[in-house]
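Report on the structure given below.
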Amino acid sequence: MSDAWDPQQYERFKVERTQPFHDLLALLRPRPNGSVVDLGCGTGELTRLLHQRMQARETLGIDSSTAMLAKANPEPGLRFEQRDIGTFTATGQVDVMFANASLQWIPHHERLLPRLAAALRLGGQLAVQMPANSDHPSHLVAADVASESPFAEAFAGEPPPDPVRTNVLRPEQYAELLDEMGFTEQHVRLQVYGHHLDATSQVVEWVKGTTLTRFRERLPAELYDAFLIRYTDALVSVLGDRRPYFYAFKRILLWAKR
């Protein structure tokens, strides 16, 4: 499968996508001369801010996208690697484990978070931000359209991507999990971000940079274009052709300290 991530498309809503990063960063406490790992670093622009704010000795940004990492600029103390963030392991070597809008792609958080926590030194911090908006029509409509012909037949006998089925747990489940893992301090919250878009159809441009990448990588180009047309029509039909459109977007932010 091709790399369906497009940095330009993703950053069409750069200000809106960046605010949760800053809110998550505000929960962290600096670790001078420490070690930081950023899981799902994207272009690395925000990883650099994380590195500076933590006053870290070394920061490693990890991402699976070639296109995203092509924009990353390493420097002394800041490096990047291309690999699957879901396979990261370490034992007691990291001071800050950071994941901004990335862990939602990985299943089984009840096993994932303990594995990430195992990488932390005593006093280390885990900070995670994840979209929790899979019940919004932007996801529900994508799932409906994917089940229609000719799109359903194009997935070569495999189930189409399901944007409604989420890997993200409820906030209280994360709080319970962090407590079971022995973190001495924790903060978990569900936060709604309100985005003023020019029109309902702009929601399509938003999800093209994230949710719909799974469709783009599995559909032939001409069929993906047809999918976008059908999806746009269906979404506007459900939401109404509103100008401007207020896009309410739920996210979970969690922070914990060993």
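Reckoned from all heavy atoms, side chains included, excluding hydrogens, waters and symmetry mates.
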dist Leu27:CG -> Glu185:CD (nearest 0.5 Å) comes out at 12.0 Å
Donor-acceptor pair between His187 and Arg189 side chains, under 3.5 angstrom: yes
For residues Phe151 and Phe227, establish whether the separation of their ring centroids is below 6.0 Å. yes
Counting only N and O atoms by type, is there a donor-acceptor contact under 3.5 Å from the side chain of His108 to the main-chain atoms of Glu110? no
Kindly indicate whether a cation-pi arrangement holds for Arg17 with Trp206, taking the cut-offs as under 6.0 Å to the six-membered ring centre and within 45° of the axis. yes
is_close_aromatic(Phe246, His195), centroid dist under 6.0 Å: no
Hey, does the Lys NZ or Arg CZ of Arg218 hover above the aromatic six-ring of Phe155, less than 6.0 Å from the centre and inside 45° of the axis? no
Output the distance between atom NZ (Lys208) and atom CZ (Phe13), rounded to the nearest 0.5 Å. 9.5 Å
Using the ring of each side chain (for Trp, its six-membered ring), is Tyr245 parallel, tilted or perpendicular to Tyr247, with breaks at 30° and 60°? tilted
Under-4.0 Å salt bridge between Glu45 and Lys14: yes
In plain terms, say whether Arg48 and Glu75 are close enough for a salt bridge, that is, a side-chain N and a carboxylate O under 4.0 Å apart. yes
Honestly, is Arg258 close enough over Phe183, meaning NZ or CZ under 6.0 Å from the six-membered ring centre and within 45° of the axis? yes
Ignoring hydrogens and geometry beyond distance, is a side-chain donor-acceptor pair present between Thr213 and Glu217 at under 3.5 Å? no
Does a donor on one side chain sit under 3.5 Å from an acceptor on the other, for Thr200 and Asp241? no
Testing the 3.5 Å rule here: is there a donor-acceptor pair between the side chains of Trp255 and Gln125? yes
Of Gln191, Gln104, Gln129, the residue whose pairing with Arg251 passes side chain to side chain donor-acceptor pair (under 3.5 Å): Gln129
Does the pair Arg79/Glu81 count as a salt bridge with the N-to-O cut at 4.0 Å? yes
The reported gap from CG in Leu50 to SG in Cys41 (rounded to nearest 0.5 angstrom) is 10.5 Å
Start with the C-alpha gap between Arg57 and Asp95, add the side-chain angles, then the distance that decides, and say whether salt bridge (Lys or Arg N to Asp or Glu O under 4.0 Å) holds. CA-CA 10 Å; Arg57 178 184 75 260; Asp95 293 294; 5.4 Å; no
Phe21 vs Phe98 aromatic rings, parallel, tilted or perpendicular, using cut-offs 30° and 60°? perpendicular
